[in-house]
Protein chains: 2
Amino acid sequence: MDKLVQELVARKIRPSIQRVKILEYLINNRIHPTADQIFQHMQKEIPTMSKATVYNTLNTFLSVGLVRLLTIGGSEARYDINMTTHGHFKCESCGTVHDFTIDLEDCELGGLDDFTVEKRDVHFRGYCPRCSSNPGRSSKC
Amino acid sequence: MDKLVQELVARKIRPSIQRVKILEYLINNRIHPTADQIFQHMQKEIPTMSKATVYNTLNTFLSVGLVRLLTIGGSEARYDINMTTHGHFKCESCGTVHDFTIDLEDCELGGLDDFTVEKRDVHFRGYCPRCSSNPGRSSKC
DNA sequence: TCCCATAATAGACTTGTTCTAAATATATAA
DNA sequence: TTATATATTTAGAACAAGTCTATTATGGGA
């Protein structure tokens with residue numbers, strides 16, 4: 001818990017109970033959760049927490065580089081506390097998001113002369129091992 | 001025009017006026033438009049066209065692989081009629097989306113054994129040449 | 001302890017997209 | 001042709017994700 005508080009203080013974020021709990025959830029649940037998943041979970045811990053607080057907190061975390069925002073596919077914003085370089089794979093059957101390693105430095109690129117590239121995202125989609133071997137099912141992995 | 005009709009018929013899509021006009025727009029305006037941009041434009045050609053028709057048509061095109069859906073960054077779905085392999089760069093200043101070439105075959109990947117990969121998207125963000133050389137401006141490129 | 005700034009809350013609001021039911025258009029079979 | 005079935009379009013309601021606003025709560029420093 002202390003570690004979490006320090007993580008926030010180091011980034012000049014006041015460690016309110018709400019923020020610490022959300023950070024704790026992100027660290028312990030590396031499932032690239034949506035804001036709503038976080039909100040649902042928080043209701044168990046702090047029943048009075050509002051959705052706006054979840055969004056405020058996530059936006060604060062984003063602005064200091066504590067989490068990254070993923071937008072794979074449709075209408076879902078997902079939050080990832082793993083800030084190392086990696087790609088994301090989303091299963092089209094069960095919806096889970098998995099990390100994979102990728103080194104874009106190896107890649108031949110063309111057409112980006114004079115562009116200033118600041119962020120690189122790689123999103124793959126398809127079927128995870130579990131859904132690949134169980135075609136037809138579309139429940140939770 | 002005939003070519004457009006054939007393009008649709010070849011994919012077993014009935015070539016209604018609305019569909020042909022939307023296809024024509026996508027082919028002639030390779031700006032990765034949003035549904036709303038398409039809708040705005042269509043109002044000039046077919047003033048009675050409803051937004052639902054724009055979405056219906058785009059979803060039909062998506063389902064037969066005539067366009068691809070891009071979701072770079074936030075709340076904007078964009079449609080791309082260029083189905084060749086390429087990456088997308090979005091300028092964080094002016095919002096335009098640019099294509100670039102990339103060959104993911106060259107890339108070292110790890111952690112995707114047993115995954116069935118069907119779609120690969122590469123999204124870069126940063127500043128386009130114009131905005132890079134005009135820091136501060138955030139209007140149209 | 002009292003202030004002041006910051007943060008949290010509830011709910012209204014906005015935006016993008018889908019859904020629904022009715023009207024219209026098109027294709028097919030008699 | 002005409003009748004009938006099917007597909008498409010339309011307008012607006014419904015929905016969902018996220019933001020905004022006004023109010024209340026919190027917590028650190030004089």
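Just so it is clear, the structure is predicted and the values come from calculations on it, not from any experiment. Convention: sequence-line order gives letters A, B, ...; per-chain numbering from 1. Side chains included, hydrogens not; waters and symmetry mates left out as well; all remaining heavy atoms used.
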Flag if over 12 foreign heavy atoms under 6.0 Å of CD, A:Glu108
no
Is the number of heavy atoms from other residues, nucleotides or ligands within 6.0 Å of CD (A:Gln40) greater than 12?
yes
For atom CD of B:Glu118, is the number of surrounding heavy atoms from other residues, nucleotides or ligands below 6.0 Å larger than 12?
yes
How many Å lie between CG on B:Leu58 and C1' on D:dT8, as a whole number?
15 Å
Mind calculating the distance between CZ (B:Arg78) and P (C:dG16) to the nearest angstrom?
11 Å
Calculate the interatomic distance between B:Arg19 atom CZ and C:dA25 atom P; express it in whole Å.
15 Å
With a 4.5 Å heavy-atom cut-off, do B:Lys21 and B:Glu24 have their side chains touching?
yes
Strand-adjacent residues in residues 11-18 of chain B, judged by heavy atoms under 4.0 Å from DNA chain D:
B:Arg14, B:Ser16, B:Gln18
In terms of side-chain geometry, is the basic nitrogen of A:Lys3 or A:Glu7 positioned less than 4.0 Å from the acidic oxygen of its partner?
no
Does some side-chain heavy atom of B:Asp80 sit less than 4.5 Å from a side-chain heavy atom of B:Asp99?
yes
Does a side-chain N or O of A:Tyr55 approach OP1 or OP2 of D:dT19 to a distance below 4.0 Å, or not?
no
To the nearest Å, give me how far apart CG (B:Asp36) and C1' (C:dT18) are.
15 Å
Closest to the B:Ala77 side chain, choosing from C:dT17, D:dG18, D:dT19
C:dT17
In whole angstroms, how far is the C1' atom of D:dT19 from the CG atom of A:Leu62?
14 Å
Would you call A:Cys94 and A:Arg130 a side-chain contact if the rule is heavy atoms closer than 4.5 Å?
no
Quick one, B:Ile31 with B:Thr96, criterion side-chain contact (heavy atoms from CB on, under 4.5 Å). Give me CA distance, side-chain angles, the key distance, then yes/no.
CA-CA 8 Å; B:Ile31 57 171; B:Thr96 54; over 6 Å; no
Rounded distance (Å) that lies between atom P of C:dA7 and atom CZ of A:Phe61:
12 Å
B:Gln37 atom CD is separated from C:dG16 atom P, nearest whole Å, by 11 Å
Short side-chain N/O contact from A:Asn56 to OP1 or OP2 of C:dA8, under 4.0 Å
no
Name of the residue among A:Arg78, A:His32, A:Lys90 meeting side-chain contact (heavy atoms from CB on, under 4.5 Å) with A:Ile72
A:Lys90
Residues of residues 39-53 of chain A with any non-hydrogen atom less than 4.0 angstrom from an atom of DNA chain C: list those, numerically ordered, please.
A:Thr48, A:Met49, A:Ser50, A:Ala52, A:Thr53
